[in-house]
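Working notes, beginning with the structure itself.
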Amino acid sequence: MAKFELKLPKMGESVAEATITNWLKNVGDAISADEAVLEIATDKVDSEVPSEVSGTLTEILFQVNDVVKVGQTIAIIQTEGGSVSGGGTPDAKTEAIPAAVAEVAKTVETAKETVAPADFKTSDKFYSPLVKNIASAEGISVAELDTITGSGKDGRVTKDDILNHIKNRGSQPIAAPQASAPAPATVAPPQATQPIAVPVSVNGGDEIVEMDRMRKLISGYMVASVQTSAHVQSFIEVDVTNIVKWRDKVKNAFEKREGEKLTFTPIFMEAVAKALKDFPGMNISVDGEYIIKRKNINLGMAAALPNGNLIVPVIKNADQLNLVGMAKAVNDLGNRAKAGKLKPDDTQGGTYTVTNVGTFGSVFGTPIINQPQVGILALGAIRKVPAVIETPEGDFIGIRQKMFLSHSYDHRVVDGALGGSFVKRVADYLEAFDVNREY
């Protein structure tokens with residue numbers, strides 16, 4: 001018999017850690033080689049960790065929601081054989097495992113002390129953040145919370161337990177806490193960057209649903225971006241009649257020859273990549289008081305997932321792709337995003353982002369910058385509209401295919417001249433599209 005250390009594998013050049021989201025196997029379960037043992041998540045992408053060997057799971061060193069570094073041992077698998085896998089000697093492993101467990105326990109306890117509100121520290125019981133939030137919103141004291149009989153593991157109070165308790169309390173409103181004495185004049189007011197959470201009342205007819213992991217991350221990113229960047233927008237209307245005509249003419253032949261559907265997205269991405277080469281001041285990032293001029297043009301492509309969440313896979317070196325290559329990259333990333341097959345590196349390294357709000361019928365939008373980038377372009381819906389058409393014989397009214405481009409940029413480092421000129425250049429490339437172009 002031998003022990004094999006299952007380690008968190010390397011998932012990409014820029015990924016150093018991951019969060020354990022679910023254990024698919026329990027201690028004592030038999031495991032086959034290449035069988036998934038647990039599910040993990042980086043900041044955006046979920047994936048599974050398979051076992052490299054066959055054996056029996058004997059120890060789990062980290063629990064759900066623990067953050068693990070790449071290369072750390074996360075579980076021990078007992079295998080048939082005479083040597084210990086995973087590096088090191090058997091004695092060293094045996095001594096290291098208890099130390100690792102102790103370190104994890106210490107980390108968990110430290111986290112509890114850091115996260116828990118001051119009033120919950122007086123309780124000897126463990127309560128999840130969701131239960132504590134509900135208790136705080138409903139004015140349930142620690143003493144009252146301690147009286148609730150928990151139905152969870154080790155008698156822990158679950159969401160259903162506290163909601164049933166609230167329901168049984170009756171429908172009468174909870175008495176408001178007594179007003180405290182006025183704060184001394186010497187107490188500093190809260191900073192503007194620290195918004196005060198307003199308690200939300202919950203009654204028996206409401207449903208409380210905890211945000212999933214990705215929605216929590218998105219929420220944090222969006223708030224942080226608004227607090228970090230000075231957002232300003234520029235809008236421009238674009239005539240894309242030639243693009244619509246050209247796509248209608250070639251899309252069937254394109255799919256037959258290339259095996260790929262031709263959407264409008266790669267055409268727009270091509271124009272954005274060209275404009276970024278013309279205006280490298282938009283292809284930058286901000287790090288404190290320093291500006292990082294990006295060498296590569298890596299376009300983020302915001303994509304909606306079936307569960308309603310958002311992810312931004314990245315087209316690397318987008319300026320080096322022709323239209324066929326761009327179409328293949330867009331379709332590949334879009335399909336793998338919907339199927340949950342993106343790799344961690346697929347969402348890293350973006351230098352500018354494009355989001356297609358027109359997919360959902362929006363005429364234009366004011367997107368939030370994807371940090372640490374300094375700009376994001378929203379593509380509005382393409383619509384048939386009456387327009388004034390100028391000709392040598394005079395002006396007349398005709399039906400044209402038009403759309404709005406909405407450019408959000410960081411006014412800390414991008415002024416209106418650059419932000420407006422950039423989106424104008426994108427529009428110029430789109431309006432100058434050759435209807436007789438070969439793909």
Side-chain angles (χ1 to χ4, degrees), residues 9 11-15 18 21-22 34 36 39-50 212-215 217-218 221 240 243-244 246-248 250-273 296-362 365 367 370 373 376-382 403 439:
M11 297 167 289
E13 295 182 1
S14 57
V15 181
T21 57
N22 184 36
D34 297 326
E39 295 175 342
I40 59 172
T42 62
D43 57 347
K44 288 185 178 179
V45 179
D46 297 343
S47 58
E48 297 177 340
V49 176
D212 60 26
R213 181 193 59 81
M214 184 175 287
R215 178 50 55 184
L217 289 170
I218 293 172
Y221 291 152
V240 292
I243 293 176
V244 174
W246 179 82
R247 176 180 172 271
D248 288 342
V250 306
K251 64 181 180 180
N252 291 333
F254 184 95
E255 184 174 1
K256 183 177 181 180
R257 193 184 84 172
E258 304 297 337
E260 300 281 349
K261 290 185 179 297
L262 178 62
T263 65
F264 290 109
T265 301
I267 301 173
F268 298 144
M269 288 294 195
E270 182 185 55
V272 172
N296 298 328
I297 295 177
N298 299 333
L299 290 183
M301 180 183 71
L305 299 176
N307 62 4
N309 286 326
L310 182 73
I311 198 166
V312 186
V314 177
I315 302 172
K316 306 292 176 61
N317 299 310
D319 58 314
Q320 299 177 19
L321 299 176
N322 60 17
L323 187 58
V324 174
M326 188 74 77
K328 290 181 181 292
V330 166
N331 291 344
D332 173 59
L333 290 173
N335 291 335
R336 287 197 287 124
K338 293 177 182 178
K341 300 296 183 181
L342 287 175
K343 299 177 181 178
D345 265 1
D346 290 330
T347 62
Q348 306 294 327
T351 61
Y352 188 88
T353 297
V354 178
T355 179
N356 191 349
V357 299
T359 301
F360 311 103
S362 296
N370 188 12
Q373 300 167 24
I376 180 171
L377 185 70
L379 308 173
I382 298 175
M403 64 181 295
Y439 56 85

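Here the structure is a predicted model, which is why all the values come from computation and not from measurement. Heavy-atom basis, side chains included; hydrogens, waters and symmetry copies ignored.
Every residue two or more places apart in sequence or in another chain that forms a side-chain contact (heavy atoms from CB on, under 4.5 Å) with A304 is listed here: F360. Here K261 pairs with E255 under the salt bridge (Lys or Arg N to Asp or Glu O under 4.0 Å) rule; sequence neighbours left out. The side chain to side chain donor-acceptor pair (under 3.5 Å) test applied to T351 returns N283, not counting sequence neighbours. Applying the salt bridge (Lys or Arg N to Asp or Glu O under 4.0 Å) rule to E39 yields no partners; only residues at least two apart in sequence or on another chain are considered. Contacts of N252 classified as side-chain contact (heavy atoms from CB on, under 4.5 Å), with partners at least two apart in sequence or in another chain: none. For the side chain to side chain donor-acceptor pair (under 3.5 Å) test, residues two or more places apart in sequence or in another chain that qualify with D332 are R336. For R257, the side-chain contact (heavy atoms from CB on, under 4.5 Å) partners two or more places apart in sequence, or in a different chain, are V324, Y439. Residues that satisfy the side chain to side chain donor-acceptor pair (under 3.5 Å) test with N356, not counting sequence neighbours, are T359. With sequence neighbours excluded, the residues satisfying side chain to side chain donor-acceptor pair (under 3.5 Å) with E260 are N331. Among residues two or more places apart in sequence or in another chain, the side-chain contact (heavy atoms from CB on, under 4.5 Å) test is passed with A271 by V426, Y429, L430. Annotation: ring-ring contact (aromatic ring centres under 6.0 Å, His included) contacts of F264 (sequence neighbours excluded): none.
Within the model, atoms CD of E48 and CG of D34 stand 12.0 Å from one another, a figure rounded to the nearest 0.5 Å. Note: L333 CG to K316 NZ = 9.0 Å, rounded to the nearest 0.5 Å. In this structure, the separation between CD1 on I267 and CG on L379 is 11.5 Å, given to the nearest 0.5 Å. Atoms CG and NZ, from N322 and K328 in turn, are 10.0 Å apart once rounded to the nearest 0.5 Å. If you take CG on L377 and CG on L299, they are separated by 10.0 Å, rounding to the nearest 0.5 Å. Atom OH of Y221 is separated from atom CG of L310 by 12.0 Å, given to the nearest 0.5 angstrom.
Residue A273 comes nearest to I297 through the heavy atom pair O-CD1, 3.8 Å, listed as atom of the first residue, atom of the second, then distance. The heavy-atom pair separating G380 from V357 by the smallest distance is CA-CG2, 4.1 Å. Minimum heavy-atom separation, T263 to P266: OG1-CD, 3.1 Å. The nearest pair of heavy atoms linking G349 to N298 is O-ND2, 3.0 Å. Scanning both residues, F268 and I243, for their nearest heavy atoms gives CE2-CD1, 4.5 Å. In this structure, P306 and K338 approach most closely via the heavy-atom pair CG-O, 3.8 Å.
The shortest distance between side-chain heavy atoms of D248 and V244 falls below 4.5 Å.
Between the side chain of N370 and the main chain of T353, no donor-acceptor pair closer than 3.5 Å is present.
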